Amino acid sequence: MENIEIARRLEELADLLEIQGANPFRIRAYRNAIRTVSGLTRPLSEVAAEDALTDLPGIGKDIGGYIGELLDTGKLSILDEVTAEVPRELATLTRLDGVGPKKARKLWKELDVTTPDELEAAAKEGRVAALSGFGQKSVEKILRAIEDFRKHQGRFLRAEAVQYLRPLLVHVEGVEAIRRLEVAGSYRRGKETVGDIDLLALVEGDDDRAGVMEAFTTFPGVDRIEMSGETRGSVVLTSGLPVDLRILGPESYGAALHYFTGSKEHNVEIRKRAQKRGLRVSEYGVFEEEGKGGDDGDANSDPHAGRRIAGATEEEVFGALDLPFIPPVLRENRGEIQAADQGALPKLVEADQLRGDLHMHTTWSDGRDSVRAMAEACRDRGYAYMAITDHSQAVTVARGLTPERLREQWVEIDEARDQVEGIQILRGCEVDILKDGSLDLPDDVLAELDIVLVAVHSHFDLDQATQTERILTALRHPLVDILVHPTGRLINRREPYALDMEAVLQAALEHDVAVELNTNPRRLDLHDRHLFRARELGVPVVISTDAHRTAQLAYVDEGIHQARRGWLEAGDVLNTRDRDGMQAWLKRREG
DNA sequence: GCCGTTTTCGGCCCGACTGTTTTCAGTCG
């Protein structure tokens with residue numbers, strides 16, 4: 001069983017125990033363990049085999065036992081016991097905005113409501129408003145939440161969100177009082193998708209805060225205002241994108257930027273670290289706690305109590321905790337705090353370190369631009385080399401190339417080599433991995449290519465063992481260079497095919513095959529967790545755009561976040577090598 | 001339920017905002 005599946009079961013358990021009213025600290029312990037599991041790059045089965053589950057942070061005897069049970073049997077008996085008492089659908093109910101464990105429990109106990117559909121019916125019949133603790137506003141909010149839940153389950157692509165956001169930024173920036181306006185949150189962490197947008201406005205003094213909030217909530221693209229206070233406001237744009245605004249003074253801006261950049265998990269760890277040093281971290285700054293334990297408790301409820309020792313910049317906040325600046329893309333609690341503590345943060349790869357793009361299409365298959373146009377565009381980007389990699393014959397919808405047409409294309413590639421100077425044009429192909437794992441072109445043709453990419457474009461629904469074996473078979477082929485878009489996912493549209501990625505990465509290592517980070521914003525495949533694992537194992541990664549027109553070569557600029565989120569350094573990325581270095585790798589199996 | 005360079009017992013991250021309350025619980029990020 002995969003880590004992510006184990007995390008999901010434990011999460012369901014925690015959700016249901018919370019609804020059941022279990023000790024909140026016990027729930028927290030479960031959530032801590034879930035954080036550890038979902039942040040882990042090694043397979044838990046491997047850790048279990050070493051008998052080292054309880055060495056993991058937040059995992060003790062009990063939870064370690066649950067993980068062991070899941071690994072051994074695929075079942076979790078305690079979850080079965082809990083679901084015998086609490087209906088598992090109730091966990092879904094807490095996904096609704098404004099409905100937490102307490103309200104879910106009340107709706108279930110008093111109205112026998114367990115699903116969004118039942119909740120909607122009860123709300124419309126006036127039964128919800130009649131409950132104590134619920135009023136007319138709660139009912140309206142719940143009905144809206146159900147509507148949102150139905151129409152908008154997926155998150156926004158990062159690239160998509162920025163388009164909706166830009167006009168709002170222009171509008172709010174127009175307010176004179178604003179000294180700085182920045183986007184924090186998962187957007188700043190470079191996540192592939194964002195659920196909402198967090199804006200931070202720096203305002204001097206208290207005078208114009210109301211004006212800033214006013215400008216924010218009256219932006220014409222605002223569909224509705226969720227809340228609007230003195231320092232915090234929350235709206236939903238007509239596009240459905242939720243946006244939060246926080247207003248801060250200069251002494252707190254860095255602390256707030258850190259705090260609202262997150263991730264939540266990273267912040268929790270940071271605060272624990274602070275606590276050990278007798279410090280308190282909040283969005284207002286880093287404070288020295290004074291008179292610990294001696295007070296009446298009121299001192300702790302004042303967010304500005306104690307002496308502020310940092311807050312104006314993020315560097316200051318990290319510095320107060322004896323840490324160097326941690327780049328936002330790393331703040332996922334995947335070991336970045338420990339690495340920072342030990343001076344071992346990775347030197348993350350930058351877009352301008354890439355020396356070539358090794359995956360693109362032309363008019364020969366389903367691309368829009370010619371070989372020459374693509375070559376000129378790559379040269380203009382300053383690349384030293386590039387590969388033309390149209391589809392092979394099996395992908396008929398994309399006009400995939402037969403061996404004959406491929407040879408015809410080589411004539412055109414030769415012409416482009418003469419016409420476009422200053423860049424090396426590799427002749428390649430995105431060769432289909434057929435259902436049985438064999439390749440879509442004969443070996444003698446593959447041998448004449450400079451570079452061979454392999455990919456799955458069919459039979460997505462094979463079971464995991466079969467799909468994995470299919471790809472392993474392809475990786476064993478001695479002429480294969482790169483496995484491209486390895487999981488096949490399309491964000492918000494198609495799930496990855498069932499695949500044992502650990503086995504695939506191990507095989508890539510063994511057979512000296514690279515794996516791709518495809519920077520098409522809908523793919524971003526491999527994703528960060530697997531990139532991290534590839535780096536850990538030493539499997540080379542190629543960052544390519546899969547461009548189907550010249551403009552899409554720019555996908556690399558958005559996609560590079562993903563590589564950085566996977567902790568990749570230049571040395572982990574094959575196409576940071578210069579022309580000779582790349583040539584040497586392509587010839588790695590000769591001599 | 002987990003954890004320990006002050007602790008094997010007694011803690012466990014922090015604050016804003018809303019709605020339904022007569023002083024605060026619930027939810028969210």
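What you see is a predicted model, and the numbers here were worked out from it, not measured in a lab. Residue numbers begin at 1 in each chain, while the letters A, B, ... track the order of the sequences. Just so it is clear, the values below take in all heavy atoms, side chains as well, and ignore hydrogens, waters and symmetry mates.
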I need the [atom1]-[atom2] distance between [X] and [N], as an integer number of Å.
{"X": "A:Tyr30", "N": "B:dC2", "atom1": "OH", "atom2": "C1'", "answer": "11 Å"}
{"X": "A:Leu93", "N": "B:dT27", "atom1": "CG", "atom2": "P", "answer": "11 Å"}
{"X": "A:Arg31", "N": "B:dC3", "atom1": "CZ", "atom2": "C1'", "answer": "19 Å"}
{"X": "A:Glu18", "N": "B:dC28", "atom1": "CD", "atom2": "P", "answer": "10 Å"}
{"X": "A:Lys103", "N": "B:dT20", "atom1": "NZ", "atom2": "P", "answer": "8 Å"}
{"X": "A:Leu53", "N": "B:dG1", "atom1": "CG", "atom2": "C1'", "answer": "16 Å"}
{"X": "A:Arg277", "N": "B:dG4", "atom1": "CZ", "atom2": "P", "answer": "15 Å"}
{"X": "A:Lys137", "N": "B:dT27", "atom1": "NZ", "atom2": "C1'", "answer": "17 Å"}

So what does [X] hit on the nucleic acid, given a heavy-atom distance under 4.0 Å: a base, only sugar-phosphate, or nothing?
{"X": "A:Pro101", "value": "sugar-phosphate"}
{"X": "A:Asn23", "value": "base"}
{"X": "A:Lys61", "value": "sugar-phosphate"}
{"X": "A:Leu96", "value": "sugar-phosphate"}
{"X": "A:Ile27", "value": "nothing"}
{"X": "A:Thr231", "value": "sugar-phosphate"}

Smallest heavy-atom separation, A:Thr261 atom then A:Glu314 atom, equals OG1-OE2, 4.2 Å
Write down the partner of B:dC24 under the Watson-Crick or G-U wobble criteria, each distance required to be under 3.5 Å.
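In the structure as shown, B:dC24 has B:dG19 as its Watson-Crick or wobble partner.
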May I ask you to verify if any side-chain N or O of [X] is less than 4.0 angstrom from the OP1 or OP2 atom of [N]?
{"X": "A:Lys102", "N": "B:dG26", "answer": "yes"}
{"X": "A:Thr54", "N": "B:dC3", "answer": "no"}
{"X": "A:Arg232", "N": "B:dA16", "answer": "no"}
{"X": "A:Ser138", "N": "B:dT20", "answer": "yes"}

I'd like the [atom1] distance from [M] over to [N], given in whole Å.
{"N": "B:dT21", "M": "B:dC17", "atom1": "P", "value": "22 Å"}
{"N": "B:dT6", "M": "B:dG11", "atom1": "C1'", "value": "13 Å"}
{"N": "B:dT5", "M": "B:dG1", "atom1": "P", "value": "23 Å"}
{"N": "B:dT8", "M": "B:dC3", "atom1": "C1'", "value": "9 Å"}
{"N": "B:dG15", "M": "B:dT22", "atom1": "P", "value": "26 Å"}
{"N": "B:dC2", "M": "B:dT7", "atom1": "P", "value": "22 Å"}
{"N": "B:dT18", "M": "B:dC12", "atom1": "P", "value": "28 Å"}

Going by an N to O cut-off under 4.0 Å, is there a salt bridge joining A:Asp198 and A:Arg232?
no
Under 4.0 Å between a side-chain nitrogen and a carboxylate oxygen: does that hold for A:Lys109 and A:Glu85?
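No, A:Lys109 and A:Glu85 are not salt-bridged.
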Please tell me which of A:Glu226 and A:Arg26 maps to the more 5' nucleotide of DNA chain B, matching each residue to the nucleotide holding its nearest heavy atom.
A:Arg26
Nearest-nucleotide 5' precedence on DNA chain B, A:Gln136 against A:Ala104
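First, find each residue's nearest nucleotide; the 5'-ward one identifies A:Gln136.
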Collect all protein-nucleotide pairs involving nucleotides 21-23 of chain B in which both atoms are nitrogen or oxygen and the distance is under 3.5 Å.
none

Distance criterion of 3.5 Å, no angle test: do you see the side chain of A:Tyr259 paired donor-to-acceptor with the base of B:dG29?
yes
Out of the candidates A:Glu502, A:Glu50, A:Glu536, only one should pair with A:Arg42 under the salt bridge (charged side-chain N to carboxylate O under 4.0 Å, His left out) rule; please name it.
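The salt bridge (charged side-chain N to carboxylate O under 4.0 Å, His left out) with A:Arg42 is passed solely by A:Glu50 among A:Glu502, A:Glu50, A:Glu536.
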Give me the one residue out of A:Arg8, A:Arg88, A:Arg9, A:Arg31 that meets salt bridge (charged side-chain N to carboxylate O under 4.0 Å, His left out) with A:Asp15.
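Of the listed residues A:Arg8, A:Arg88, A:Arg9, A:Arg31, the salt bridge (charged side-chain N to carboxylate O under 4.0 Å, His left out) partner of A:Asp15 is A:Arg31.
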Among the candidates [options], find the nucleotide nearest to the side-chain atoms of [X].
{"X": "A:Lys264", "options": "B:dG15, B:dG1, B:dG29", "answer": "B:dG29"}
{"X": "A:Arg28", "options": "B:dC17, B:dC12, B:dG15", "answer": "B:dC12"}
{"X": "A:Tyr284", "options": "B:dG29, B:dG15, B:dT18", "answer": "B:dG15"}

Quick one: do A:Arg158 and A:Glu192 satisfy salt bridge (Lys or Arg N to Asp or Glu O under 4.0 Å)? Show the steps, please.
CA-CA 6 Å; A:Arg158 189 173 187 280; A:Glu192 59 204 27; over 6 Å; no
Taking the six-membered ring for Trp, are the ring centroids of A:Phe318 and A:His258 within less than 6.0 Å of each other?
yes
I want to check a possible cation-pi pair here: A:Arg166 against A:Phe219, using under 6.0 Å from ring centre and within 45° of the ring axis as the test.
no
Answer yes or no for A:Arg280 and A:Phe287: cation-pi contact, defined as NZ/CZ to six-membered ring centre under 6.0 Å and angle to ring axis within 45°.
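Pair A:Arg280/A:Phe287 counts as cation-pi.
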Could you point out which residue of A:Leu79, A:Leu53, A:Ile6, A:Leu76 forms a side chain to side chain contact (heavy atoms under 4.5 Å, CB included) with A:Tyr66?
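Of A:Leu79, A:Leu53, A:Ile6, A:Leu76, side chain to side chain contact (heavy atoms under 4.5 Å, CB included) with A:Tyr66 is met by A:Leu76 alone.
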